[in-house]
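Every heavy atom of this structure was used, including side-chain atoms; hydrogens, water molecules and symmetry mates were not.
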Amino acid sequence: MSARILYGKEFAAQIKESARIEIEKLKNKFHVTPGLAVIIVGENPASQVYVRNKHKSCEELGINSVVVEMAETSTKEELLAKIDELNADKNIHGILVQLPLPDAIKNHSDEILNRIDPLKDVDGFHPMNVGKLVTGSPALVPCTPAGCVEMLNLAGIEIDGKRAVIIGRSNIVGKPMLHLLMAKNATVTVCHSHTKKLAEVTREADILVAAMGKPQFVKADMIKPGAVVIDVGINRIAPKKLVGDVDFDAAAEVASAITPVPGGVGLLTVAMLMKNVVTAVKLQIGV
């Protein structure tokens, strides 16, 4: 194995430490304690784990963490009312609705997420924040793609002038990643299920981002020798086995750097959420 392994833990620690310093400044200079409210509806086990991890990170960094637990049977109207209440709470600077929502209201996910005040939208999903990202204005940005770009910066991997290819065009990863990489002066191609001769395109990438949700889909022969491979996928292929969208062992023989799964990009998502809470406070108090 020749590639440099980009372990998320070391980069997440750097991001969190930076956030901690900013939080101390906000407390000491502006007498503001950042507050994050996470709404969880129902008892999805995976969601409960994610919420606990977010709560723990908040406590470590000095963010006031509020977990709002709502019953599985909660209606759309009840959830919207809770969001309105948090929007009006000046001690809450970030609001996050944990997905997926229960079956009865999941078809209303967009309406529910869009109810969050854009200045408190620490997931970066609100259309207003998406628009700001596209136009290059200061905004709250989706945590996972933002974490990927932050990791490249911290790892000293050049983005400017590089050819980047993203496999996957989701609103959560693929599309925001496109704009974040373009903002760093990369030349970016987005591939998807209708892309012809996919391997020919991916082999042109200096930076290859895999985010399509297919276990070990990206093989070594799809990777340009020396490319940096960012694997955003998390796929469970056995009760206790997680793999990414990249065939890791084979790809590591071709790439110059690669993220593992687990232990890679996933750890950066929560770290970037903490950074987004700090950004949200600054946007709200005008500093």
Side-chain angles (χ1 to χ4, degrees), residues 8-9 11-71 74 78-101 109 112-126 128-129 132 138-144 146-147 150 172 266-287:
K9 185 176 181 179
F11 301 110
Q14 293 179 63
I15 294 167
K16 285 183 177 180
E17 177 59 18
S18 175
R20 187 192 64 76
I21 292 169
E22 290 296 311
I23 290 164
E24 286 301 313
K25 288 180 182 177
L26 289 169
K27 290 181 177 180
N28 295 331
K29 187 174 181 179
F30 300 100
H31 308 292
V32 175
T33 297
L36 172 66
V38 178
I39 303 173
I40 180 169
V41 185
E43 299 181 356
N44 182 295
S47 292
Q48 289 176 330
V49 171
Y50 294 143
V51 170
R52 283 198 297 270
N53 289 340
K54 291 164 185 172
H55 182 72
K56 181 180 178 182
S57 291
C58 285
E59 289 189 326
E60 290 172 355
L61 300 182
I63 294 172
N64 177 34
S65 174
V66 177
V67 178
V68 179
E69 297 179 323
M70 299 184 68
S74 297
E78 288 170 335
L79 182 49
L80 292 174
K82 177 56 66 174
I83 292 171
D84 288 342
E85 178 185 323
L86 294 169
N87 281 338
D89 189 338
K90 293 183 179 180
N91 293 316
I92 296 297
H93 303 93
I95 302 170
L96 184 155
V97 176
Q98 185 66 44
L99 300 178
L101 291 169
S109 292
I112 289 164
L113 295 178
N114 292 348
R115 191 66 162 252
I116 298 171
D117 183 336
L119 292 177
K120 296 188 178 188
D121 168 40
V122 286
D123 262 336
F125 294 159
H126 193 284
M128 187 174 292
N129 285 321
K132 288 181 176 180
L140 293 164
V141 179
C143 299
T144 298
E150 189 76 4
I172 296 173
L267 295 173
L268 298 168
T269 300
V270 172
M272 291 306 295
L273 173 64
M274 302 298 105
K275 185 173 181 177
N276 269 0
V277 174
V278 172
T279 300
V281 174
K282 291 181 175 180
L283 288 171
Q284 288 165 51
I285 67 175
V287 299

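At least one side-chain heavy atom of Ser57 sits less than 4.5 Å from a side-chain heavy atom of Lys16. Considering only heavy atoms from C-beta on, Asp123 stays 4.5 Å or farther from Leu113 through its side chain. Under the 4.5 Å side-chain criterion, counting only non-hydrogen atoms from C-beta, Leu79 is in contact with Leu101. Counting heavy atoms from C-beta on, the side chains of Lys132 and Pro138 never come closer than 4.5 Å. The closest side-chain heavy-atom distance from Lys282 to Val278 is below 4.5 Å. Using a 4.5 Å cut-off on side-chain heavy atoms (C-beta onward), Val66 and Leu86 make no contact. Side chains of Phe125 and Ile172 form a contact here, defined as non-hydrogen atoms less than 4.5 Å apart.
For the atom pair NZ of Lys82 and CD1 of Ile112, the computed distance is 14.5 Å after rounding to the nearest 0.5 Å. With rounding to the nearest 0.5 Å, the separation of CD1 in Ile39 from CD1 in Ile83 is 5.0 Å. With rounding to the nearest 0.5 angstrom, the CG atom of Asn129 is 7.5 Å from the CG atom of Leu119.
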In residues 42-50, what donor-acceptor pairs under 3.5 Å come from side-chain atoms, sequence neighbours left out?
{"residue": "Asn44", "atom": "OD1", "partner": "Ala46", "partner atom": "N", "Å": "3.0"}
{"residue": "Asn44", "atom": "OD1", "partner": "Ser47", "partner atom": "N", "Å": "3.0"}

Listing, residues 24-33 side-chain donor-acceptor contacts under 3.5 Å, not counting sequence neighbours, or none:
{"residue": "Lys27", "atom": "NZ", "partner": "Gly62", "partner atom": "O", "Å": "2.9"}
{"residue": "Asn28", "atom": "ND2", "partner": "Glu24", "partner atom": "O", "Å": "3.1"}

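Val141 approaches Ala146 most closely through the heavy-atom pair CG1-CB, 4.1 Å. Of all heavy-atom pairs spanning Ala88 and Lys120, the tightest one is N-NZ, 4.4 Å. Taking each heavy atom of Ile92 and Ala37 in turn, the nearest pair found is CG2-CB, 3.9 Å. Looking at every heavy atom in both residues, Arg115 comes nearest to Asn87 through O-ND2, 3.0 Å. For the residue pair Cys143 and Asn276, the shortest heavy atom distance occurs at SG-ND2, 3.6 Å. Of all non-hydrogen atoms in Ala271 and Ile15, the two that sit nearest each other are O-CG2, 3.6 Å.
Screening residues 59-68 for side chain to side chain donor-acceptor pair (under 3.5 Å), with sequence neighbours left out, gives His55-Glu59, His55-Ser65.
Of the possible polar contacts, one joining the Ser74 side chain to the Ala71 backbone as a donor-acceptor pair under 3.5 Å is found.
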